[in-house]
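Some notes on the structure that comes next.
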Amino acid sequence: MLCDGANTVVLVEGVTVLLASDGQVSRTHATSTMSGVRLRIADSSTNGTFVEGKRVKEETALADGDVIRVGDSLLCVRFVTRSVTGCMP
C-alpha cells in the first residue's frame with residue numbers, strides 16, 4: 001500500500017517492500033531473484049545492502065535466517081513450505 005508523499009521501496013521479486021519511515025533506503029535499493037529454491041540479492045544503492053553484516057558487492061545467495069540490512073532497517077529471510085504451489089499474488 002502506498003501512502004501520500006514520498007515512498008521508499010525495496011524491490012523483491014516483483015513485490016514491493018515499503019520502508020517509508022527509513023530515510024536511508026533508496027527508491028530501488030536492492031533486488032532479489034528467485035530461481036527454483038535459491039534466493040539471491042543484488043544491491044543497487046549508494047548506501048549499501050548488507051547480509052549478515054557483510055556489504056553486498058555482487059549478487060549474493062541468501063539462506064534461511066539471514067539478516068539483511070538496508071538503511072536502518074533489518075529484514076530476516078524466512079523460507080516456508082507451502083502446501084499450495086505457485087507464487088503469492
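Numbers here simply count residues along the sequence, with the first being 1.
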Donor-acceptor pair, distance only, cut-off 3.5 Å: does the side chain of H29 make one with the backbone of T46?
no
Which value, rounded to the nearest 0.5 Å, describes the distance between I68 atom CD1 and D43 atom CG?
11.0 Å
Quick one: do E52 and V67 satisfy side-chain contact (heavy atoms from CB on, under 4.5 Å)? Show the steps, please.
CA-CA 5 Å; E52 294 299 310; V67 175; 3.8 Å; yes
On a heavy-atom basis, the closest approach of A30 and T49 is CB-OG1, 3.8 Å
Closest non-hydrogen atoms of C76 and G65, given as atom of the first, atom of the second and distance, are SG-O, 4.0 Å
In Å, rounded to the nearest 0.5 Å, how long is the span from CZ of R55 to CZ of R69?
9.0 Å
Can you get from V51 to V77 by hopping between Ile, Leu, Val, Met, Phe, Trp and Tyr side chains that sit under 4.5 Å apart?
yes
Nearest 0.5 Å, please: how far is CD1 in I41 from CG in L62?
5.5 Å
